[in-house]
Amino acid sequence: LHAGGTQQKADEREQEERESIRRAAMYDFIDTTEVQRAAVLPSEALKINGVYIENEIPGYRTLHVKGREALPQEVTTFETGARDGSTQKNKRFPARIITVTYQLAAASNSAFREAYNKLGGLLNVDDAELIFNDEQDKYYTGTPSAIGEVEPGKNIVVGEFEILCADPFKYSVTEYE
């Protein structure tokens, strides 16, 4: 009986370890009946110069981002006499434009105006370091260049802004030697 009890305890410990590993490997899950304890940043949340917009502006949420994908190269060619086809002269990467679509929600007109003005202030930077929540080990350098109009008379809007990255490449946050 004693040996069987020891085996049972070992099996229970092993089961607990498996369950602990399973829980650690899963994403944070919040049931629809539970209250969320802390704000969870969207996967594409944007950090500008070390500050996530979501953490600075109540009611702001990044919905999606476009322009971080592969960038097509511009290829310049020339034709020579009667030769078929063309010859490649050079190729280069153009500037990158990153478009961020967001939602801004406020309880009142004054709260909306305050939040929208704060967003304008956060976007009033040159050559900012841009880090996205789903790729925190890489950064772009860019300057917000356009902000789209939002629907007037609403306190819950969806809008977008563009960031011009004159240098189209992303770089590692950590320097390697």
Side-chain angles (χ1 to χ4, degrees), residues 23-75 91-177:
R23 273 185 266 135
M26 293 181 62
Y27 291 101
D28 291 335
F29 173 78
I30 298 172
D31 196 344
T32 56
T33 59
E34 291 180 43
V35 175
Q36 187 171 330
R37 301 281 182 245
V40 176
L41 289 172
S43 64
E44 293 184 308
L46 172 61
K47 185 192 294 187
I48 298 179
N49 288 335
V51 176
Y52 280 108
I53 302 173
E54 278 83 354
N55 293 342
E56 294 297 308
I57 302 175
Y60 176 92
R61 185 141 183 98
T62 302
L63 299 178
H64 57 84
V65 176
K66 145 176 110 167
R68 293 170 54 202
E69 302 78 20
L71 192 62
Q73 297 180 37
E74 293 177 348
V75 179
K91 66 178 180 175
R92 61 181 288 280
F93 287 96
R96 178 184 298 273
I97 295 179
I98 296 175
T99 304
V100 177
T101 302
Y102 66 91
Q103 179 185 46
L104 185 59
S108 67
N109 291 342
S110 61
F112 177 81
R113 185 57 35 212
E114 183 180 332
Y116 198 75
N117 289 342
K118 191 164 189 175
L119 176 61
L122 289 174
L123 297 178
N124 188 18
V125 293
D126 292 326
D127 295 324
E129 180 184 76
L130 311 168
I131 298 176
F132 293 92
N133 194 32
D134 61 355
E135 197 172 31
Q136 295 182 22
D137 61 333
K138 305 283 189 292
Y139 73 93
Y140 295 92
T141 302
T143 301
S145 57
I147 187 162
E149 293 291 322
V150 295
E151 192 172 350
K154 306 267 185 188
N155 291 337
I156 300 175
V157 297
V158 173
E160 64 182 29
F161 57 87
E162 292 182 351
I163 301 172
L164 173 67
C165 299
D167 176 354
F169 303 109
K170 61 182 167 185
Y171 296 93
S172 176
V173 170
T174 307
E175 289 189 31
Y176 297 98
E177 294 182 21

For residues 96-103, which side-chain N or O atoms pair as donor and acceptor with protein atoms under 3.5 Å away, sequence neighbours left out?
unit_1 : atom_1 : unit_2 : atom_2 : d
Arg96  : NE     : Pro168 : O      : 2.7
Arg96  : NH1    : Gly67  : O      : 2.8
Arg96  : NH1    : Glu69  : O      : 2.9
Arg96  : NH2    : Pro168 : O      : 3.1

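- Annotation: side chain to side chain donor-acceptor pair (under 3.5 Å) contacts of Thr62 (sequence neighbours excluded): Glu54.
- To the nearest 0.5 Å, atom CG of residue Leu71 and atom CZ of residue Phe93 are 6.5 Å apart.
- Here Lys47 pairs with nothing under the side chain to side chain donor-acceptor pair (under 3.5 Å) rule; sequence neighbours left out.
- Of all heavy-atom pairs spanning Leu130 and Thr141, the tightest one is CD1-C, 4.3 Å.
- Between the side chain of Asn133 and the backbone N or O of Pro42, at least one donor-acceptor pair lies under 3.5 Å.
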Enumerate, atom names and distances included, each donor-acceptor pair closer than 3.5 Å involving a side-chain atom of residues 147-165, sequence neighbours excluded.
unit_1 : atom_1 : unit_2 : atom_2 : d
Asn155 : ND2    : Asn109 : OD1    : 3.1

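- Here the side chain of Ser172 pairs a donor or acceptor atom with the backbone of Thr174 at under 3.5 angstrom.
- Residue Tyr171 holds its OH atom at 11.0 Å from OH of Tyr140, rounded to the nearest 0.5 Å.
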Side-chain polar contacts of residues 110-126 - donor-acceptor pairs under 3.5 angstrom, sequence neighbours left out - could you list them?
unit_1 : atom_1 : unit_2 : atom_2 : d
Ser110 : OG     : Ser108 : OG     : 3.3
Asn117 : ND2    : Arg113 : O      : 3.3
Lys118 : NZ     : Glu56  : O      : 3.2

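- Among residues at least two apart or in separate chains, salt bridge (charged side-chain N to carboxylate O under 4.0 Å, His left out) pairs with a member in residues 129-138 are Arg68-Asp134, Arg68-Glu135, Glu135-Lys170.
- For the atom pair Tyr52 OH and Phe132 CZ, the distance stands at 10.0 Å (nearest 0.5 Å).
- How far CG of Leu46 is from CD1 of Ile131: 9.5 Å, rounded to the nearest 0.5 Å.
- Side chain of Gln73 to backbone of Lys91: no donor-acceptor contact under 3.5 angstrom is found.
- In this structure, the side chains of Asp127 and Asp167 stay at 4.5 Å or more apart for every pair of heavy atoms.
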